[in-house]
Protein chains: 2
Amino acid sequence: MERIDIPKKAIYRLSIYHRCLQRLVEHGEETVSSSALAKVAGVKPAQLRKDLAYFGQFGTRGLGYPVAALASMIRDVLGREHLQPVVLVGAGNLGSALLRYPGFQKEGFEVIAAFDADPEAALARGVEVPVFPESELERHIVEREVRMAILCVPARVAQAVANRAVAAGVTGILNFSPVRLELPEDVMVNNVDLALELEHLSFFVR
Amino acid sequence: MERIDIPKKAIYRLSIYHRCLQRLVEHGEETVSSSALAKVAGVKPAQLRKDLAYFGQFGTRGLGYPVAALASMIRDVLGREHLQPVVLVGAGNLGSALLRYPGFQKEGFEVIAAFDADPEAALARGVEVPVFPESELERHIVEREVRMAILCVPARVAQAVANRAVAAGVTGILNFSPVRLELPEDVMVNNVDLALELEHLSFFVR
DNA sequence: AAGTGTGAAAAGTTTCACAGCG
DNA sequence: CGCTGTGAAACTTTTCACACTT
């Protein structure tokens with residue numbers, strides 16, 4: 001696999017660049033220079049050029065990068081040319097807020113189903129995505145060939161739910177539970193620990 | 001300031017260690033070795049020891065670290081020995097979910113007030129924290145000497161709200177808006193971009 | 001014997017600076 | 001001339017390995 005020596009952080013930044021490019025497309029821009037794009041993305045021009053260069057040569061010297069084509073190549077690299085189905089487990093407080101969060105849909109992900117121990121309660125929160133009992137998790141993952149799951153379950157059941165999702169075919173987990181999941185290393189886990197982020201801030205605040 | 005050459009990531013990990021230590025305290029453990037703690041925190045033992053060593057010598061050779069004392073020193077380093085007041089701006093979909101999120105309280109932060117353009121609507125969502133009109137933001141920040149703010153406002157107003165909060169005295173922002181905030185560099189901004197995290201996953205999923 | 005603290009090596013990432021292309 | 005693409009330098013972070021303490 002050639003992407004073995006691409007810095008992980010560069011992948012993150014690719015998503016940022018993509019979002020900036022989308023805005024440029026909307027504004028009808030045709031080309032953009034590395035310095036202009038770097039400015040709005042909040043990075044240095046050289047870093048932007050290096051990041052893009054990992055994936056090929058897209059710019060024209062003396063001119064810049066073609067906005068639309070660059071956006072398309074990033075979508076391609078990130079595996080987002082096509083809609084990715086996603087499931088969400090744990091439609092409680094945070095989970096149901098995420099189900100109503102427009103950002104996922106807007107960036108091209110479709111949350112096709114949610115699962116909860118108590119689907120009725122979740123539905124009562126005004127969620128539009130269908131909510132199923134947790135027991136049906138595996139069936140939906142297999143049937144729709146789902147690769148990504150969002151986990152918003154309580155800490156004590158997180159590991160068990162993750163194991164089940166992975167056994168059914170999930171290889172990427174966005175984990176909101178404050179727990180370090182132990183999973184096969186070919187499963188990508190992305191932890192978003194809200195309390196941790198706040199703690200981190202408090203070190204710098206004084 | 002001596003903490004100039006402490007890796008930023010080490011600060012993040014300190015929070016993780018702290019959470020693991022809390023669990024050990026609950027289980028009545030008195031001491032823990034670097035390898036045991038590293039295991040549950042998901043890092044290598046040498047890294048754990050190095051991280052802790054940035055702040056002093058806390059372990060006993062041949063024995064390990066005293067659980068309670070180590071937890072206390074981390075709280076001290078992170079500025080969390082005392083309760084930190086926090087405000088939240090934008091009590092919409094995501095914001096009101098965060099107001100009901102137990103994790104912040106549990107980790108020792110007190111969200112003392114929330115602000116929204118439409119406080120009535122926010123209150124209707126069953127939030128317990130008092131919700132005020134956005135115009136009162138500055139007054140509360142000044143009166144309670146608030147240093148940290150959680151931002152959940154729509155992208156287009158994020159910069160303006162951030163400017164106001166900073167002008168009133170905030171120096172740390174946990175930003176959920178998908179926008180790169182431009183602020184004085186003594187202000188610490190911690191971006192949590194949910195759609196971005198999902199995008200990042202999709203690169204590794206295939 | 002068990003386990004910390006730490007220099008030094010290795011690995012990973014960012015920045016520089018400039019050659020080279022359009 | 002302007003701006004990309006990129007090797008090499010600088011910097012940051014992680015890992016190793018072992019001296020040293022209890």
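Quick note on labels: first sequence line is chain A, next is B, and so on, each numbered from 1.
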In whole Å, what is the span from the [atom1] atom of [X] to the [atom2] atom of [N]?
| X | N | atom1 | atom2 | answer |
| --- | --- | --- | --- | --- |
| D5(B) | dT14(D) | CG | P | 14 Å |
| L14(B) | dT13(D) | CG | P | 15 Å |
| R61(A) | dA19(C) | CZ | P | 13 Å |
| F58(A) | dG5(D) | CZ | P | 9 Å |
| K50(B) | dA8(C) | NZ | P | 11 Å |
| K8(A) | dA11(C) | NZ | C1' | 11 Å |
| F55(B) | dT4(C) | CZ | C1' | 17 Å |
| L52(B) | dT6(C) | CG | P | 12 Å |

Distance only, no hydrogens: is a donor on one side chain within 3.5 Å (strictly under) of an acceptor on the other, for [X] and [Y]?
| X | Y | value |
| --- | --- | --- |
| T171(A) | R147(A) | no |
| D51(B) | Y17(B) | yes |
| S15(B) | E197(A) | no |

Give a yes/no on whether any side-chain N or O of R13(A) is located under 4.0 angstrom from OP1 or OP2 of dT14(C).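 Answer is yes, contact under 4.0 Å.
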Does Q57(B) place a side-chain N or O at less than 4.0 Å from the phosphate oxygens OP1/OP2 of dT6(C)?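 Checking dT6(C) against Q57(B), a side-chain N or O does come within under 4.0 Å of OP1 or OP2.
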Against F104(B), only a single residue in V86(B), L88(B), I150(B) fulfils side-chain contact (heavy atoms from CB on, under 4.5 Å); can you say which?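 So the option named by the test is I150(B).
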Partner of F115(B) under side-chain contact (heavy atoms from CB on, under 4.5 Å), chosen from L137(B), V161(B), V153(B):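 Testing each of L137(B), V161(B), V153(B) against F115(B), the sole residue satisfying side-chain contact (heavy atoms from CB on, under 4.5 Å) is L137(B).
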Interface residues of residues 62-69 of chain A with DNA chain D (non-hydrogen, below 4.0 angstrom):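 Only G62(A), L63(A), G64(A), Y65(A) qualify.
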E30(B), CD atom: more than 12 neighbouring heavy atoms under 6.0 Å: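 Not buried by this count: 12 neighbours or fewer within 6.0 Å.
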Would you mind telling me which of dT6(D), dT13(C), dT14(D) lies closest to the side-chain atoms of P7(A)?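 From the listed options, dT13(C) comes nearest.
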Pairwise 5' ranking along DNA chain C for R49(B) and R49(A), keeping only the more 5' one: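 First, find each residue's nearest nucleotide; the 5'-ward one identifies R49(B).
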Take G56(B) and K9(B), find for each the nucleotide of DNA chain C with the closest heavy atom, and name the residue whose nucleotide sits nearer the 5' end.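 Nearest nucleotide further toward 5': that of G56(B).
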Okay, side chain of N175(B), backbone of V179(B): is any donor-acceptor separation there less than 3.5 Å?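 Checking the backbone N and O of V179(B) against the side chain of N175(B), a donor-acceptor pair under 3.5 Å is found.
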Under the side-chain contact (heavy atoms from CB on, under 4.5 Å) criterion, do N191(A) and I173(A) qualify, and how do the steps go? CA-CA 8 Å; N191(A) 294 297; I173(A) 293 180; over 6 Å; no
Heavy-atom contacts under 4.0 Å between residues 25-48 of chain A and DNA chain C, which residues?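 Heavy-atom cutoff 4.0 Å gives K44(A), A46(A), Q47(A).
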Can you classify the ring geometry of Y12(B) versus H200(A) as parallel (below 30°), tilted (30 to 60°) or perpendicular (above 60°)?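 The rings of Y12(B) and H200(A) lie parallel, inter-plane angle below 30°.
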